[in-house]
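Here the structure comes first, spelled out in structure tokens, and everything after it is commentary.
Worth knowing before you read on, the calculation uses all heavy atoms, side chains too, and leaves out hydrogens, waters and symmetry mates.
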Amino acid sequence: MEQRDEKDLLSIEGMVERIIYQNEENGYTICELLAPSDELFVLVGSMPYLCEGETISALGNWTMHPNFGRQFKVEYYEKQLPATAAMILKYLASGAIKGIGPSTAKKIVDQYGDDTLDVLENHPEWLADVPGISARKAKAIGETFRTQFGMRNVMLFCSSYLTPSASVKVYQKWGTGAIEMIRENPYILCGNIHGIGFEKADMIARDLGIRSNSEERIAAGIAFVLSYNLNQNGHVYLPQEKLIPAAVKLLGCTEDEAEDELARQVMLKKLRTAKISGRTCVYLPAAFDAEKYICAKMDALETVDHISDTANLDFLIEKTELENGIRYETLQKKAITAAVSNAVFILTGGPGTGKTTVVRAILRIFQSMGLEIALATPTGRAAKRLSEVSGMEAKTIHRMLEMDYKAEDGIKYRRDENNLLEEDVVIVDEASMIDLYLMEALLRAMRPGTRLVMIGDANQLPPVGAGYVFRDILASDRFSGVELTHIFRQAQESLIVTNAHMINHGEHIDLSKKDSDFFFLPCESDEKTASVIAGLCKVRLPRAYGATVYEGIQVITPSRKGQNGTEMLNTTLQQAINPPRADKKEKKFREIVFREGDKVMQTRNNYDIAWMKNGVEGFGIFNGDIGIIREIRLAEQVIVIDFDGRVANYDFMLTEELELAYAITVHKSQGSEYPIVVIPLYRYTPKLLTRNLFYTAITRAQQMVILVGDGSVVDLMTDNNRQTKRYTGLAYWMTQYD
């Protein structure tokens, strides 16, 4: 959050008369404030741990709510402990202090009057003189009061730099000792408190007089460069010759200072280094350990022998062919044999090459062998599709591992080394989307002797998270694998399939063909392209095929920016498909208006969001999940969103995690398929004009692709085989095992 310019804010103070609504998770509060003038005002905003009877001063601005009238929107507030006996009585009677109810509050205030709070803080043992309060209870009341007083101090200390909700997280993490810890080293905020990055911690450090070349600052800067590149660019490590200049640029220190601190951090084991291909590579410890663990566990799985009776396997394959009335192609049969014969097997191939047929055969044979099977994918949409084609329940990997999340502990999985999966076989589809940490968690939950089958398309984009796991496993050539290359006759009739393979091989496609499932609509300008796409989504495609943007149609675009990037195109499509209406409530966040009926996407993993589906409660809405806004409850400050049956209530403060999803980027579309995909063609940043990005977009379509715009962009993308570079050591470590 940017530091506030308090000159632009108005001030208000008074006593909290009534709490109308309070969200305990994020502190969002609606309350009535009794001002010294005896006027009653409604305040809204993040005011965590606020209680009736407390006196506060707040900075903010007046707003006019369409249904509830004039409100004071709080940007920042301070608690002021009540000063008079009457105010103290109201404060204590509200239940603000555990152990003190209305009756006990009156007895205490009757005895100590205006000095009550001083007694609570400094002489709680005196409370034992009050009838009905034992010495033990007096001590407990004093401890509770001091804890809350400590929280108030932490909130006040952090208020110049952090939002109230972030300040609450600081207090929850370190308690009353937070102030001393931050004064000593403000950089502990980086990495420990979500949403507080290096820049914010650096601002606090400057104000506290921390030297710009202090060890703590340089250490935090180096860790920040590694963390940023891990989370934003997918790099599991950085070569030292890349890391040091980046740290020097960020910190303004010398190379010697950065190198000395790096050496110290390695010695303290807060960073790890390794020699890969003759260069020194620097890791964050968790990333280093994850790569090493993946290699060791997959090696351990691979050493277990499985079926060796070739004749029996041939019989099982023939039996499966007869049951399904098909004959497997040579590579398919090779893949089935390898999958059943090996403990670890990797299947890859493009569209139309028969991966689904192989998966069905593998499942049938494993079932006939009496093996228990778990089907999993990285995303919910992919799991739903795998369930449909396999006839078995498929789960997301997170759900299969029984993910749990607590803000103070981060992500935890109930399934791990101490609570292993029971299944004999784990089959993972869309494996190209699996990032480093998800792969580590999956392997930790697999017991020795479990078979692992990974299925994916190596030509897809890398995962959103860190690493390039699927491609690295293939590159290591360490495990049994088959690439399906034969395009079946039925698939050859689809231009989606044939064009995707041509693009993947760098061959130009013919945009003039219009007799199949692949169409090109030329437009002379970006503005015209956006207009045509809006018409397709609103009128032409629904009229011709019965599809809508809610069910069947997805616009997929390479970039966020530009006339046909997601930001502008979503506004255009929203206006066409879900325009303002008197009976539709809205909530504006920055430049985005969210409206009832809008199609929206979650933009980051949030493991705290609760949802209900068919009466069953679950937690977690993830980056890329798409839903529909069913209701906006203005009084409760809540948006109700349906994510394919999972209904979640979003506090208004969570709108920063949402964006419109009439159009989404290619990266966000990974792991999903849609009946009809519309792709705008326009000029944008060259690093996005790539072959594998175009290939990924096209292969998201099940039934139809419609390209709209500048046809020359197709050849530009097809010719550009620029690959996303990620620094990963997984393939190297795998070659170290015999």
Side-chain angles (χ1 to χ4, degrees), residues 1 166 169 173 187-202 219-240 242-243 245-247 249-251 262 265 270-272 281-291 293-294 378-379 397-398 403 405 407-413 432-442 461-472 560 601-609 620-625 654 656-659 665-668 670-671 687-688 724-730:
M1 181 174 176
K169 292 177 184 177
K173 181 76 175 177
Y187 296 101
I188 61 170
L189 294 167
C190 314
N192 280 304
I193 306 298
H194 177 76
I196 303 179
F198 177 80
E199 289 183 1
K200 182 66 69 177
D202 209 29
I222 291 172
F224 171 75
V225 173
L226 288 170
S227 178
Y228 179 86
N229 278 279
L230 180 87
N231 296 316
Q232 300 299 318
N233 300 323
H235 298 309
V236 180
Y237 69 78
L238 284 182
Q240 184 169 331
K242 300 280 188 182
L243 171 62
K249 182 178 180 181
L250 172 72
L251 297 164
L262 173 59
Q265 292 296 303
K270 293 184 177 179
L271 297 177
R272 304 293 294 273
C281 304
V282 186
Y283 287 83
L284 293 168
F288 181 85
D289 292 343
E291 282 198 339
Y293 181 84
I294 290 170
T379 69
I397 299 174
H398 290 89
M403 183 202 74
Y405 178 81
E408 62 273 18
D409 299 325
I411 303 171
K412 302 288 183 184
Y413 296 98
S432 64
M433 293 184 65
I434 299 178
D435 64 35
L436 180 73
Y437 294 124
L438 189 57
M439 188 68 188
E440 179 192 19
L442 173 64
L461 293 170
V464 174
Y468 221 151
V469 173
F470 190 67
R471 184 171 289 190
D472 283 349
R560 296 180 60 84
M601 174 184 282
Q602 174 75 13
T603 59
R604 75 172 183 87
N605 291 342
N606 188 323
Y607 304 92
D608 285 334
I609 298 176
I621 301 294
F622 303 115
N623 187 0
D625 283 354
L654 288 175
E656 64 181 0
E657 298 181 11
L658 293 172
E659 60 185 31
T665 63
V666 180
H667 285 85
K668 295 288 189 182
Q670 290 182 86
K687 71 177 183 179
L688 291 176
T724 301
K725 172 65 178 175
R726 289 192 171 184
Y727 292 115
T728 68
L730 193 59

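- For C190 against F198, the heavy-atom pair with the smallest separation is SG-CA, 3.6 Å.
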Go through H667 and L688 one step at a time and tell me if the side-chain contact (heavy atoms from CB on, under 4.5 Å) criterion holds. CA-CA 11 Å; H667 285 85; L688 291 176; 4.3 Å; yes

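- Taking all atoms of both residues into account, the shortest heavy-atom contact from S432 to P463 is O-CD, 3.5 Å.
- Sparse packing is recorded around CD of E199, with 12 or fewer heavy atoms of other residues, nucleotides or ligands lying under 6.0 Å away.
- Remark: the backbone N or O of L262 is not paired with any side-chain donor or acceptor of Q265 at under 3.5 angstrom.
- Between the CG atom of L251 and the CZ atom of F224 there is a distance of 10.0 Å, given to the nearest 0.5 Å.
- Taken from CD in E656 to OG1 in T603, the straight-line distance is 8.5 Å, to the nearest 0.5 Å.
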Is there a side-chain contact (heavy atoms from CB on, under 4.5 Å) between Q670 and T379? Walk through the geometry before answering. CA-CA 9 Å; Q670 290 182 86; T379 69; over 6 Å; no

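- Between the CD atom of Q602 and the CG atom of L654 there is a distance of 7.5 Å, given to the nearest 0.5 Å.
- For the residue pair E291 / Y237, no side-chain donor-acceptor distance below 3.5 Å is found, with atom types taken as modelled.
- The two residues H235 and R726 have their closest heavy-atom pair at ND1-CA, 3.4 Å.
- Here I222 contributes atom CD1 and L238 contributes atom CG; the two are 11.5 Å apart, rounded to the nearest 0.5 Å.
- More than 12 heavy-atom neighbours from other residues, nucleotides or ligands sit within 6.0 angstrom of OH on Y293.
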Check the pair L438 / V469 against side-chain contact (heavy atoms from CB on, under 4.5 Å), numbers first and verdict last. CA-CA 10 Å; L438 189 57; V469 173; over 6 Å; no

Using side-chain contact (heavy atoms from CB on, under 4.5 Å), reason through Y727 and N229 one step at a time and then give a plain yes or no. CA-CA 10 Å; Y727 292 115; N229 278 279; over 6 Å; no

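- The salt bridge (Lys or Arg N to Asp or Glu O under 4.0 Å) test applied to R560 returns E567, E659, not counting sequence neighbours.
- Residues satisfying the salt bridge (Lys or Arg N to Asp or Glu O under 4.0 Å) criterion with D472, sequence neighbours excluded, are absent altogether.
- For the atom pair CE (M601) and CG (D625), the distance works out to 8.5 Å, reported to the nearest 0.5 Å.
- Contact check for V464 versus D435: no side-chain heavy atoms found under the 4.5 Å cut-off.
- Among all heavy-atom pairs drawn from L284 and L230, the shortest one is CD1-CD2, 4.4 Å.
- A441 and Y413 get closest at one heavy-atom pair: CB-CE1, 3.5 Å.
- R604 contributes atom CZ, which lies 12.5 Å from atom CD1 of I621 (distance to the nearest 0.5 angstrom).
- Looking at I434 and F470, their side chains never come closer than 4.5 Å, going by heavy atoms from C-beta outward.
- Among residues two or more places apart in sequence or in another chain, the salt bridge (Lys or Arg N to Asp or Glu O under 4.0 Å) test is passed with D202 by R206, R217.
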